[in-house]
Amino acid sequence: ASPSLRTAASTTSWSARSSSLANCRARPPCCTWIAHAAVRQNGWALELLGEDLRANRDIVLTAVEREGHAMKHVLGDLQHDRELVLVAVRSNAAALDFAPAALRNDPEVIKAASMGIRLHCF
């Protein structure tokens with residue numbers, strides 16, 4: 001296909017995904033599976049979800065496994081969830097910036113961050 005057709009297809013695909021995520025903000029209970037699929041594809045999609053979905057442990061776990069820096073968009077008690085923080089810093093050491101102070105000083109979290117894939121975010 002020509003470059004313009006590939007660009008149009010890519011734009012259409014992104015528009016459809018963005019629209020689906022926007023609808024999830026309006027109807028979180030019926031859109032959990034869409035949100036989960038979105039963060040499975042790209043952890044940064046967590047940022048686009050409504051508050052109820054960003055407080056869903058399964059969705060957040062999938063997001064931070066893909067991109068630890070998505071910890072920035074985690075809501076509620078999940079910000080203090082040690083397991084989530086460990087997974088996030090193993091994925092991206094920069095996620096340590098978004099962990100609560102008590103977990104930033106946790107020896108296991110520090111060790112996990114030192115083995116994180118990326119030490120710098122863009």
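It should be emphasised that the depicted structure is a prediction, and the values quoted were computed from it without experimental measurement.
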Met71: which of Leu96, Val89, Val85, Leu46 passes side chain to side chain contact (heavy atoms under 4.5 Å, CB included):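 That would be Val85; it is the only one of Leu96, Val89, Val85, Leu46 passing the side chain to side chain contact (heavy atoms under 4.5 Å, CB included) with Met71.
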
Any side-chain to backbone donor/acceptor pair from Arg90 onto Ala112? Under 3.5 Å, distance only.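 Not at all, since once roles are kept as given, no pair shorter than 3.5 Å links the two residues.
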
Would you say Arg66's side chain and Arg40's backbone share a donor-acceptor pair under 3.5 angstrom?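 Such a contact is found between Arg66 side chain and Arg40 backbone.
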
What's the separation between atom [atom1] in [X] and atom [atom2] in [Y], rounded to the nearest 0.5 Å?
X: Asn56; Y: Leu75; atom1: CG; atom2: CG; answer: 11.5 Å
X: Leu86; Y: Lys111; atom1: CG; atom2: NZ; answer: 11.5 Å
X: Asp77; Y: Leu84; atom1: CG; atom2: CG; answer: 11.0 Å

Evaluate side chain to side chain contact (heavy atoms under 4.5 Å, CB included) for Ile59 paired with Arg54, printing each intermediate quantity in order. CA-CA 7 Å; Ile59 291 172; Arg54 287 188 286 148; over 6 Å; no

Does His69 have its ring centroid less than 6.0 Å away from the ring centroid of Phe98?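 His69 vs Phe98: aromatic centres under 6.0 Å.
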
Quick one: closest heavy-atom pair of [X] and [Y], and the distance?
X: Ala35; Y: Leu53; value: CB-CD1, 3.9 Å
X: Ala113; Y: Ala93; value: O-CB, 3.1 Å
X: Ala95; Y: Gly68; value: CB-O, 3.2 Å

So for atom CG, which belongs to Asn105, do other residues, nucleotides or ligands contribute more than 12 heavy atoms lying within a distance under 6.0 Å?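 Yes - once you tally the heavy atoms of other residues, nucleotides and ligands closer than 6.0 Å, there are more than 12.
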
Check ion pair Lys72-Glu47 (N to O, under 4.0 angstrom):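 Glu47 and Lys72: not salt-bridged.
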
Let me see the working for Asp81 and Arg57 under side chain to side chain contact (heavy atoms under 4.5 Å, CB included), right down to the final yes or no. CA-CA 9 Å; Asp81 185 313; Arg57 191 176 194 286; 2.8 Å; yes

Quick one, Leu49 and Val39 - any side-chain contact, counting heavy atoms below 4.5 Å?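 Yes. Closest side-chain heavy atoms under 4.5 Å.
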
Flag for Glu67-Asn92: side-chain donor and acceptor within less than 3.5 Å: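 Yes.
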
Step-by-step side chain to side chain contact (heavy atoms under 4.5 Å, CB included) determination, His36 to Thr62: CA-CA 7 Å; His36 201 262; Thr62 300; 2.9 Å; yes

